[in-house]
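Worksheet for the structure shown next.
Keep in mind that the numbers below use all heavy atoms, side chains included, and drop hydrogens, waters and symmetry copies.
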Amino acid sequence: MAATASVFLRVRTGSKVGAEYDQEGLLIQVESREDEEQTVKLAEILELLLAAGYFRARIKGLSPFDKVVGGMTWCITTCNFDIDVDLLFQENSTIGQKM
């Protein structure tokens, strides 16, 4: 039987492998997939957040996830409408904390 390569070591078409750091400062490799539609939608969302007054969307050091979730949290907080949720948001959280 021929040896096969692990499916976890393959990079999908349209994906790129990058390096990021976890909460402890350890280097981890992550795979992210970017396509044209995703980039266009992110630009539209950030444009709407900027028009609403959320200027942290311009910070280049924040990830797109942090910009969008932070902007949504800011919008809900700013609208002065009573809702029953806990709006704890921290930048650069681990994926477990983000969920």
What's in the same ILVMFWY side-chain cluster as Val40, cut-off under 4.5 Å, chained through other members?
none
So, taking the atom named CD1 in Ile45 and the one named CG in Leu50, what distance separates them when rounded to the nearest 0.5 Å?
12.0 Å
Results of salt bridge (charged side-chain N to carboxylate O under 4.0 Å, His left out) for Glu44 - residues two or more places apart only:
Lys41
Distance in Å, Leu49 CG paired with Trp74 CH2, rounded so as to fall on 0.5 Å steps:
8.0 Å
Who passes side chain to side chain contact (heavy atoms under 4.5 Å, CB included) against Leu42, sequence neighbours left out?
Leu46, Pro64, Val68
Can you name the nearest heavy-atom pair linking Lys67 to Lys60, along with the distance?
NZ-CA, 4.4 Å
What's the spacing between Thr73 OG1 and Tyr54 OH if we round to 0.5 Å?
7.5 Å
